[in-house]
Amino acid sequence: MTRRTAASVILLRTLVNYARAAGIGGHQVFDKWCAPCHAPGPNHPGTTALTALYKGTRPGALQERTDLNSSAITLAVRQGVYSMPFFRKTEISDAELDALIRYLANPAK
């Protein structure tokens, strides 16, 4: 494969990922990938674990947090944290991750 072909393939994949995520809001990404573990309530293991870890200093539910920043969210999604698995770009695209970050910055919208 030539460099030009490789660059074209990378560009095409990037455009496909952004096109795929164009109509998807951060709330939808959260509901699909995050809510099963991190939604509010006792039946969500991520929320339960974070509630125990923070001992009342911060909410365990991600939607209730005000201290999350893009770096922390990206690190958790792409590398995983504790028992949370990482998510590949084929699972959560960069565009979907950006939408998720915007949503968690202001989940009321």
Side-chain angles (χ1 to χ4, degrees):
M1 184 180 297
T2 66
R3 285 185 182 186
R4 179 178 282 179
T5 303
S8 296
V9 168
I10 291 170
L11 177 60
L12 181 60
R13 286 182 182 168
T14 301
L15 292 173
V16 167
N17 281 341
Y18 277 95
R20 182 179 75 177
I24 297 175
H27 190 278
Q28 292 165 309
V29 176
F30 184 87
D31 284 349
K32 179 178 181 178
W33 294 104
C34 310
C37 292
H38 292 287
N43 294 325
H44 302 281
T47 300
T48 302
L50 291 174
T51 299
L53 177 68
Y54 298 139
K55 299 177 183 167
T57 61
R58 295 178 210 163
L62 297 184
Q63 294 165 303
E64 297 172 4
R65 301 273 298 270
T66 58
D67 62 325
L68 296 174
N69 61 51
S70 62
S71 297
I73 296 167
T74 300
L75 178 73
V77 169
R78 292 293 182 228
Q79 295 183 17
V81 179
Y82 299 109
S83 63
M84 179 184 147
F86 67 91
F87 293 89
R88 296 172 183 88
K89 291 182 180 188
T90 56
E91 296 167 318
I92 299 176
S93 70
D94 287 337
E96 291 167 323
L97 179 56
D98 290 342
L100 177 64
I101 290 167
R102 285 191 303 276
Y103 170 70
L104 288 175
N106 190 3
K109 289 189 176 181

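Considering every non-hydrogen atom in both G25 and A99, the closest pair reads C-CB, 4.1 Å. Contact detail for A39 and A61: the closest heavy-atom pair is C-CB, 4.3 Å. What you find for H44 and A35 is that their closest heavy atoms are ND1-O, 3.1 Å. Nearest heavy-atom pair, P45 versus P36, reported as atom, atom and distance to 0.1 Å: CD-O, 3.9 Å.
In this structure a side-chain-to-backbone donor-acceptor pair under 3.5 Å is missing from S93 to K89. Looking only at distances, no side-chain donor or acceptor of T74 sits under 3.5 Å from a matching main-chain atom of S71.
Side-chain contact between L97 and R78 is present, with at least one heavy-atom pair separated by less than 4.5 Å.
Using bins of under 30°, 30° to 60° and over 60° for the plane-to-plane angle, the ring pair W33/F87 lands in the perpendicular bin.
L75 and I92 fall into different hydrophobic clusters, where Ile, Leu, Val, Met, Phe, Trp and Tyr residues are linked whenever their side-chain heavy atoms come under 4.5 Å apart, directly or through other members. Linking Ile, Leu, Val, Met, Phe, Trp and Tyr whenever their side-chain heavy atoms come within less than 4.5 Å leaves F86 and F30 in two separate clusters.
Taken from CE in M84 to CG in L50, the straight-line distance is 10.0 Å, to the nearest 0.5 Å. A distance of 10.0 Å separates CZ of R65 from NE2 of H38, quoted to the nearest 0.5 Å.
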Derivation and outcome, side-chain hydrogen bond (donor to acceptor under 3.5 Å, both in side chains), residues Q63 and Y103: CA-CA 9 Å; Q63 294 165 303; Y103 170 70; 2.6 Å; yes

Trace of the side-chain contact (heavy atoms from CB on, under 4.5 Å) decision for I73 with L62: CA-CA 10 Å; I73 296 167; L62 297 184; over 6 Å; no

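Across L104, L100, I101, a single residue satisfies side chain to side chain contact (heavy atoms under 4.5 Å, CB included) together with V29, and that is L100.
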